[in-house]
Amino acid sequence: MQGLTNLKILRLESVPDMRCIWKGLVLSKLTTLEVVKCKRLTHVFSCSMIVSLVQLKVLKILSCEELEQIIARDNDDEKDQILPGDHLQSLCFPNLCEIEIRECNKLKSLFPVVMASGLTELQTLRVSKASQLLGVFGQDDHASLVNTTKKYRN
């Protein structure tokens with residue numbers, strides 16, 4: 001696993017039985033993550049994992065039928081690693097500039113509402129064929145659209 005710490009691009013495609021991507025692996029240099037046709041995957045990140053992904057710029061999740069959330073709710077294994085809302089906002093995905101979500105029909109929201117103002121570099125957000133999506137930002141099981149002010153750079 002030591003050799004994977006310099007990984008910049010990770011594409012997982014047609015891994016039908018995969019339920020979890022990360023198990024203690026830290027990919028702090030990862031810039032692009034593409035997850036395609038991973039039918040049984042229910043979440044992409046855990047709260048403890050996302051703080052190490054500071055270089056992530058591109059996130060694509062396509063045709064993941066069972067995906068319920070991008071960032072998993074905390075489970076018993078991570079109770080001691082829960083991030084307060086203000087840390088979640090400031091530390092998570094500071095360089096993320098492109099998100100594409102397609103054919104993820106169980107997904108109800110993309111991110112927790114506390115992250116709404118933290119995605120300062122986001123330039124492109126594409127969501128299609130997500131029939132149960134209630135909003136981009138949600139909290140708990142209630143997704144909602146959030147009014148955010150964003151600074152745009154020329």
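Placement of Ile9 and Leu12 in two distinct hydrophobic clusters is found when ILVMFWY residues are connected by side-chain heavy-atom separations under 4.5 Å, directly or transitively. Residue Val35 is not grouped with residue Leu62 when hydrophobic side chains (ILVMFWY) are merged at heavy-atom distances under 4.5 angstrom, including chains of intermediate members. Val36 and Val44 are members of different hydrophobic clusters when ILVMFWY side chains are connected at heavy-atom separations under 4.5 Å.
In this structure, Ser109 contributes its side chain and Gly135 its backbone to no donor-acceptor pair below 3.5 Å.
The nearest pair of heavy atoms linking Lys106 to Glu65 is CG-O, 3.6 Å. In terms of heavy atoms, Cys38 sits closest to Met18 at SG-CE, 3.5 Å. The minimum heavy-atom distance between Leu59 and Ile70, with the atom names listed, is CD2-CG2, 4.3 Å. Heavy-atom minimum distance, Ser28 versus Gln55: O-CG, 3.2 Å. Between Glu121 and Pro94, the shortest heavy-atom distance links the atoms CG-O, 3.2 Å. Contact record, Leu30 with Lys8: CD1-O, 3.4 Å, taken as the closest heavy-atom pair.
Between the side chains of Glu98 and Thr124, not a single donor N or O lies within less than 3.5 Å of an accepting N or O. Between the side chains of Lys57 and Asn95, no donor-acceptor pair is found at a separation under 3.5 Å.
Taking 4.5 Å as the limit, some side-chain heavy atom of Ile99 sits within range of a side-chain heavy atom of Leu122. The side-chain heavy atoms of Ile61 and Cys104, taken from C-beta on, include a pair separated by under 4.5 Å. Proximity of Leu33 to Val58: side-chain heavy atoms (C-beta onward) are nowhere separated by under 4.5 Å. The closest side-chain heavy-atom distance from Lys29 to Asn6 is below 4.5 Å. Counting heavy atoms from C-beta on, the side chains of Leu107 and Ile101 come closer than 4.5 Å. Within the 4.5 Å cutoff, the side chain of Leu110 has heavy atoms near those of the Leu133 side chain.
Taking the six-membered ring wherever Trp is involved, the centroid distance between the rings of Phe45 and Phe93 falls below 6.0 Å.
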message: Apply side chain to side chain contact (heavy atoms under 4.5 Å, CB included) to residues Ile21 and Leu41 and explain how you reach the verdict.
response: CA-CA 8 Å; Ile21 297 175; Leu41 188 68; 4.0 Å; yes
- request: Would you check, one step at a time, whether the test side chain to side chain contact (heavy atoms under 4.5 Å, CB included) holds for Glu13 with Val15?
  value: CA-CA 6 Å; Glu13 184 172 356; Val15 188; over 6 Å; no
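One distance of note links CD of Glu34 with NZ of Lys60; it measures 5.0 Å at 0.5 Å rounding.
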